[in-house]
Amino acid sequence: MRPRHMAPAALLLPFALLLAACGGASRADGGGGSDSGTDGKGSLTLNVGDQKGGSEALLRAAGELDDLPYKIKWSTFTSGPPLLEAVNAGAVDVGAVGNTPPVFAAAAKSKIKVIAGTHSRSDGEAILVKRDSPLKRPAQLKGKSIAVAQGSSANYQLVASLKKAGLSPKDVTLTYLQPADALAAFTRGKVDAWAVWDPYTSQALDQADARVLTTGQGVVNGLGFQVAAPAALDDKKKAAALKDYTDRLRRAQNWVFKHPDVWAKAWAKETGLPEKVALDAVKRTRGTAVAVAVDTRAIASEQQIVDTFAKLKLIPRSFDFGEFVDPRFNGDLPPSSTAPRTYGKAR
């Protein structure tokens, strides 16, 4: 039987280990990454920022690390913002993040360039309530308290969902918490709702007696990005390695869609997720990603996030998101509007 009232402490370890690509805060230890090994051979080293259960695990499971003609030195971060801090500092050449951390980094005038994109379904971007909550539609969130990670994709999804319901952030009480703390608050009834992303969504639905009030489908852009250091792009050899690296990620993502069960098992082992939760997250969100060009439509969609956060004064300035994009690797990739894959109705 599925435990419907598992204590928060029992969930914190897996949550602490999970990939948090869309997260909005730095590491508790100050934001730095930890070295996690090297793959490949050759004189060139590509420094890659990663997150637990992220690109390294994906490439390894898909067999895309077996014949690297260059070295990849992996550094692990707990969320997108500190990873982008490392890119800005030149400590990392490239790393994967969600759709919102680049907005915050660029607003801070960080030295970053978005070089590749994916488009996923947004069913895993959700506002959750307790199963027995009287809330049935987003408009009923007025006057309620909502946990969300500040600066995360969930933060934007929440703002956009409130707007669609005729509300603004001023109509609710926002409690800015990272997922582990938000889980505890949500489970103990300290907040009325929780805006979060997969795989946290899938785990909360399975183990924290949660249900979905609304999702980001049709509200957010579902984009994720590879973000590189301009200095790496200016180095011809590193630029070639970056092209090869993004190609490998694209092939690995294609492999995931065809082998969701195999990837879910590998992902669960890497993160501590229960296999059922991992598979739910793969089929709801993670396995649906398709590699797309970072084109004018993607830039315009990100510009909406910039303008929204600037208006709310969540970032210090507005700016042209296109100035932080390098489209050289778009090649023959499909447009960013290309529909994500699907396994059928979201679980």
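For this chain, numbers begin at 1 and follow the sequence in order.
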Between [X] (side chain only) and [Y] (backbone N and O only), is there a donor and an acceptor less than 3.5 Å apart?
X: Asp295; Y: Ser336; result: yes
X: Asp171; Y: Ser168; result: yes
X: Thr187; Y: Ala184; result: no
X: Gln140; Y: Arg137; result: yes
X: Lys269; Y: Ala264; result: no
X: Asn88; Y: Lys111; result: yes
X: Tyr343; Y: Phe257; result: yes
X: Asp50; Y: Thr76; result: no
X: Arg131; Y: Arg211; result: no
X: Thr271; Y: Leu273; result: yes

- Message: Applying side chain to side chain contact (heavy atoms under 4.5 Å, CB included) to Val92 and Phe77, what does each step give before you reach the verdict?
- Response: CA-CA 11 Å; Val92 165; Phe77 298 80; 4.0 Å; yes

Is [X] salt-bridged to [Y], going by a charged N under 4.0 Å from an acidic O?
X: Lys311; Y: Asp307; value: no
X: Asp326; Y: Arg328; value: yes
X: Asp247; Y: Lys243; value: yes
X: Asp67; Y: Arg248; value: yes

- Task: Taking the side chain as every heavy atom from C-beta outward, state whether Ser122 and Val219 have any atom pair closer than 4.5 Å.
- Result: no

- Item | Sub-4.5 Å side-chain heavy-atom contact between Glu302 and Phe225 | yes

I need the [X] [atom1] to [Y] [atom2] distance, nearest 0.5 Å.
X: Ile127; Y: Leu141; atom1: CD1; atom2: CG; answer: 6.0 Å
X: Asn155; Y: Leu314; atom1: CG; atom2: CG; answer: 6.0 Å
X: Leu46; Y: Thr38; atom1: CG; atom2: OG1; answer: 11.5 Å
X: Glu323; Y: Ile112; atom1: CD; atom2: CD1; answer: 12.0 Å

Could you verify whether a donor N or O on one side chain and an acceptor N or O on the other, from [X] and [Y], lie under 3.5 Å apart?
X: Glu125; Y: Ser153; result: yes
X: Gln157; Y: Ser161; result: yes
X: Asp192; Y: Ser145; result: yes
X: Trp255; Y: His259; result: yes
X: Arg284; Y: Thr201; result: no
X: Ser202; Y: Asp280; result: no

Over all heavy atoms of both residues, which pair between [X] and [Y] is shortest? Give the atoms and the distance, please.
X: Leu223; Y: Ala298; answer: CD1-CB, 3.9 Å
X: Gln226; Y: Ala96; answer: NE2-CB, 3.2 Å
X: Arg60; Y: Asp39; answer: NH2-OD2, 2.8 Å
X: Val292; Y: Leu333; answer: O-CD1, 3.8 Å
X: Ala208; Y: Lys130; answer: O-NZ, 3.0 Å
X: Val256; Y: Trp263; answer: CG1-CD1, 3.6 Å

- Query: Which residue, Lys283, Arg121, His119, forms the side-chain contact (heavy atoms from CB on, under 4.5 Å) with Thr288?
  - Reply: Arg121

- Message: For residues Leu128 and Leu177: do they belong to one hydrophobic cluster (side chain heavy atoms under 4.5 Å, members Ile, Leu, Val, Met, Phe, Trp, Tyr)?
- Response: no

- Just do the side chain to side chain contact (heavy atoms under 4.5 Å, CB included) check on Val114 and Phe321 with the steps written out, would you? CA-CA 10 Å; Val114 174; Phe321 189 82; 4.0 Å; yes

- Task: Go through the structure and list residues passing ring-ring contact (aromatic ring centres under 6.0 Å, His included) with Phe329, not counting sequence neighbours.
- Result: none

- Under 6.0 Å from the CZ atom of Arg297, do we count more than 12 heavy atoms belonging to anything else shown? no

- Message: Centroid separation under 6.0 Å, is that true for the rings of Phe104 and Phe309?
- Response: yes

